[in-house]
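Quick caveat: nothing in here was measured; it's all calculated off a predicted structure.
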Amino acid sequence: MNEDNKGLKGLLNKVYGSLDMSWRNVILFAVGTAVLTFIFLVVPIFKNTSFERMGVTFEAWIFFAVIIMANCKTPVESALKTFVFFLISQPLIYLFQVPFSSMGWGLFGYYRYWAMWTVATLPMAYVGWYIKKKNWLSLVILLPVLGLLTLDYTSSFIFTFKHFPYQIVTALFCLAQVLIYLYQFTPTWLHRAIGFGLPLAAVLVYTMLTSRIDVNGTVFLPDHIALSENAEIATEGSDAIQVSIYSYGEDSMLRVIAKDYGIVIVRITDGDQTYQYHIEVYEDDNGHVQTKAVREN
């Protein structure tokens, strides 16, 4: 048993502290993860699996970022290398998909979301470097990440229970990250108990108090209409779904915020033109929440 623990500890010390995180390797790491994400997004066998989530959600990118931060010698190095990693990897994922997507270059409309997070990695990775201190500060810094991963693994386990085996890999991957970070970056079992129990309690309370679903995303207009900045929007239907104009021009998109499933009618007036759509938020056959915009005649 001691030999197993020694082997695990040795492996974790290697991954989180002894890797060569040179600029060359950071760039190769960024390109490699972009290629892997592209494969998961376009190869049909990965459709609606945990692997496809790598191009949509945070859990894999938290994993990559922590590896980079833990192998840097200073907080400044951590901030710069994590930033460059995201600055290279995220646009490449969209670029690789362009020839395979019906949206073409319009696909980059979704990059704005990741661009904001890329900029945010500068201060986040600077502060995040201090998890290497393995003290109470490390736990405080880790708590937001542990909370996000706890929310992911609990929701994924619930989803898997209803739609087995979908998201079982996500659930186990996120739970494993929580356990590894607590084991590697906190010094005592008291720290680990707090780091595991506090986010779990917060997530359980949050789940009981929040709505049935939580959608906050964007959807392209299905007929690729280019709205001007003078466009106005009016909606009618479900109060649980709010729709607003997110972007104008050739990449015009709507922002959809939903707390429950349903349909809303959207009427957009742009000068002399009026466009009407119905926006539907629904659960597909695989248990995923989907948002669909359909033009009405």
Side-chain angles (χ1 to χ4, degrees), residues 30-44 46-65 82-122 124 148 152 155 167 170 213-229 231 233 241-258 264 266 268 275 277-284 286 288-295:
V31 174
T33 53
V35 171
L36 185 61
T37 305
F38 160 70
I39 292 172
F40 289 156
L41 286 171
V42 302
V43 176
F46 296 114
K47 184 70 175 175
N48 294 325
T49 69
S50 295
F51 299 97
E52 186 186 34
R53 286 170 57 95
M54 186 172 171
V56 181
T57 53
F58 286 118
E59 57 265 14
W61 301 100
I62 291 174
F63 178 70
F64 300 144
T82 305
F83 171 72
V84 169
F85 169 78
F86 281 90
L87 188 66
I88 294 173
S89 61
Q90 299 308 311
L92 280 181
I93 293 169
Y94 290 93
L95 181 63
F96 292 155
Q97 290 181 82
V98 166
F100 300 88
S101 173
S102 60
M103 295 172 58
W105 292 102
L107 194 66
F108 270 87
Y110 290 110
Y111 174 61
R112 299 173 189 178
Y113 176 75
W114 285 99
M116 291 187 293
W117 280 108
T118 297
V119 174
T121 60
L122 278 167
M124 291 169 66
L148 179 60
D152 281 344
S155 62
Q167 292 193 25
T170 297
I213 63 173
D214 186 13
V215 172
N216 188 341
T218 57
V219 59
F220 278 98
L221 295 175
D223 38 10
H224 304 291
I225 290 173
L227 299 176
S228 73
E229 294 188 2
I233 186 171
I241 304 174
Q242 300 176 12
V243 182
S244 58
I245 299 175
Y246 177 72
S247 63
Y248 302 89
E250 294 182 0
D251 295 330
S252 295
M253 290 189 289
L254 301 178
R255 166 75 74 185
V256 179
I257 299 175
V264 294
V266 174
I268 300 175
Y275 311 100
Y277 305 88
H278 77 256
I279 309 296
E280 181 179 5
V281 179
Y282 64 99
E283 184 179 53
D284 65 19
N286 295 317
H288 296 91
V289 179
Q290 302 287 357
T291 303
K292 179 173 63 175
V294 178
R295 174 76 178 271

Atom pair [atom1]/[atom2] of [X] and [Y] - distance to nearest 0.5 Å:
X	Y	atom1	atom2	result
Arg53	Thr170	CZ	OG1	4.5 Å
Thr291	Ile257	OG1	CD1	11.5 Å
Thr118	Phe85	OG1	CZ	10.0 Å
Ile268	Ile225	CD1	CD1	7.5 Å
Ser247	Arg112	OG	CZ	4.5 Å
Ile233	Leu254	CD1	CG	5.0 Å

Worksheet item: Hey, do the aromatic rings of Trp117 and Phe58 have their centres closer than 6.0 Å?
Response: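 Ring-ring flag for Trp117/Phe58: true, centres closer than 6.0 Å.
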
Any heavy-atom pair between the side chains of [Y] and [X] that's under 4.5 Å?
X	Y	answer
Asp152	Thr57	no
Tyr246	Phe220	no
Thr33	Phe38	no
Gln97	Val42	yes
Met253	Tyr248	no
Arg255	Asn216	yes

Fill in: Counterpart residues, ring-ring contact (aromatic ring centres under 6.0 Å, His included), relative to Phe63 (two or more places apart)
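Applying ring-ring contact (aromatic ring centres under 6.0 Å, His included) to Phe63 gives Phe173.
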
Worksheet item: Using 30° and 60° as the class limits, which term best fits the ring planes of Phe40 and Phe51: parallel, tilted or perpendicular?
Response: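 Answer is tilted, since the angle falls between 30° and 60°.
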
Worksheet item: Among all residues two or more places apart in sequence or in another chain, which pass the side-chain hydrogen bond (donor to acceptor under 3.5 Å, both in side chains) test with Gln290?
Response: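 Counting only residues at least two positions away or on another chain, Gln290 forms a side-chain hydrogen bond (donor to acceptor under 3.5 Å, both in side chains) with Asp284.
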
Of all the heavy-atom pairs spanning [X] and [Y], show the shortest one and how long it is.
X	Y	answer
Glu52	Phe46	CB-O, 3.4 Å
Phe108	Val98	CE1-CG2, 3.9 Å
Ser89	Ala34	O-CB, 3.6 Å
Pro91	Phe86	CD-O, 3.7 Å
Leu227	Ser252	N-OG, 2.9 Å
Asp251	Gly106	OD1-CA, 3.8 Å

Practice prompt. Quick one: do Asp223 and Tyr275 satisfy side-chain hydrogen bond (donor to acceptor under 3.5 Å, both in side chains)? Show the steps, please.
Written response: CA-CA 10 Å; Asp223 38 10; Tyr275 311 100; over 6 Å; no

Discussion item. Between Leu95 and Trp105, does the side chain to side chain contact (heavy atoms under 4.5 Å, CB included) criterion hold? Intermediate values first, please.
Written reply: CA-CA 8 Å; Leu95 181 63; Trp105 292 102; 3.6 Å; yes

Worksheet entry | Qualifying residue for side chain to side chain contact (heavy atoms under 4.5 Å, CB included) with Met54, from Ile93, Ile39, Leu36, Leu41 |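 Running side chain to side chain contact (heavy atoms under 4.5 Å, CB included) over Ile93, Ile39, Leu36, Leu41 with Met54 returns exactly one hit, Leu36.
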
Practice prompt. Output, in order, the C-alpha distance, side-chain angles, deciding distance and verdict of ring pair (Phe, Tyr, Trp, His ring centres under 6.0 Å) for Trp114 and Tyr111.
Written response: CA-CA 5 Å; Trp114 285 99; Tyr111 174 61; 8.8 Å; no

